[in-house]
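Here the structure is laid out as structure tokens; the discussion comes afterwards.
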Amino acid sequence: MEEHDSDWPLIGICSRPSDTNADESVFSTAYADAVQDAGGIPIALPFGFEVASIASKIISRIDGLLLTGGGDITPDGFGGNIYAKHCVAKIAFMSAERDVFEWAAVRAAWDRDIPCLGICRGLQVMNVSFGGTLVRDAMERGATIMHWQQDRRFEPVHDVWLSRDSHLARIMGTDILHVNSIHHQAISTPASEARIVGRASDGVPEAIEFPNKHFFMGVQWHPEMLGTMPQIFEAFVNACRSEAKARATS
Ligand code: MN
């Protein structure tokens, strides 16, 4: 079958502030490469208070939203009350400008049922956008294994057990994954419409799905760095392509 440009869905990739200049919008090219390898066109999305006001217009022009990793969520972001009450751990690298854009973008994607993949912070953003909470540090929910990997971040350091009946287990064709781990925060309570479908051996949530949407999934690890899980990006991009075609014909 002949391939058309329209077979390549447009995937918006959220950016983060650069470490040296909070006004610079940057992201790791590993995300763009993973999207392209899966047959999607990667485009960078900026953040900021001003662009947040047109987030729904942006979402209406793209076929998928990739929520990326990065710094911690501001305590009063995403409507506030996102950290469990007992949490006191130090948080860092926050950006209110980033939070406000991503909050608007993920809710617009939800309303239009645009496929959404959340990676690391992205999983946390999905959870708190729809009423879930976080712990400031995984230790505050009983983590006993190392979830903060200092170096060789492309190598797996712990396992994740998936629910056998999850979308993710079907995509991967297995119920155990070997993952990297570059997070100090974790889900405390899941969003009411979210289902925790993967956990580390210490019980820390590592994957969520929103079964009421066509494709709304978050993973706590970084598959774009591992390079061993192209199936996740392929499933995401395929969902973006079919949703785009369904919208075009409706
Ligand atoms: Mn982990």
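Since this is a predicted model, take the numbers as computed values, not measurements. Both counts, for ligands and for their atoms, begin at 1 and track the order of listing.
- Contact annotation: Gln220 places no N, O or S atom under 2.8 Å from the Mn ion (ligand 1).
- Exactly one residue among Ile182, Leu123, Leu177 makes a side chain to side chain contact (heavy atoms under 4.5 Å, CB included) with Trp221. That residue is Leu177.
- Ring-plane geometry between Phe215 and Phe236 is classed as tilted, the angle between the planes lying from 30 to 60 degrees on a 0 to 90 degree scale.
- No other N/O/S atom of His183 lies as close to the Mn ion (ligand 1) as NE2 does.
- Rounded to 10°, the angle formed at the Mn ion (ligand 1) by Ser181 OG and His158 NE2 is 90°.
- Ring to ring, Phe101 and Phe49 are not that close: their centroids are 6.0 angstrom or more apart.
- Rounding to 10 degrees, one finds that the Mn ion (ligand 1) sits at the corner of an angle of 90° between His147 ND1 and Glu206 OE2.
- Atom CE of Met139 sits in a sparse spot, with 12 or fewer heavy atoms from other residues, nucleotides or ligands closer than 6.0 Å.
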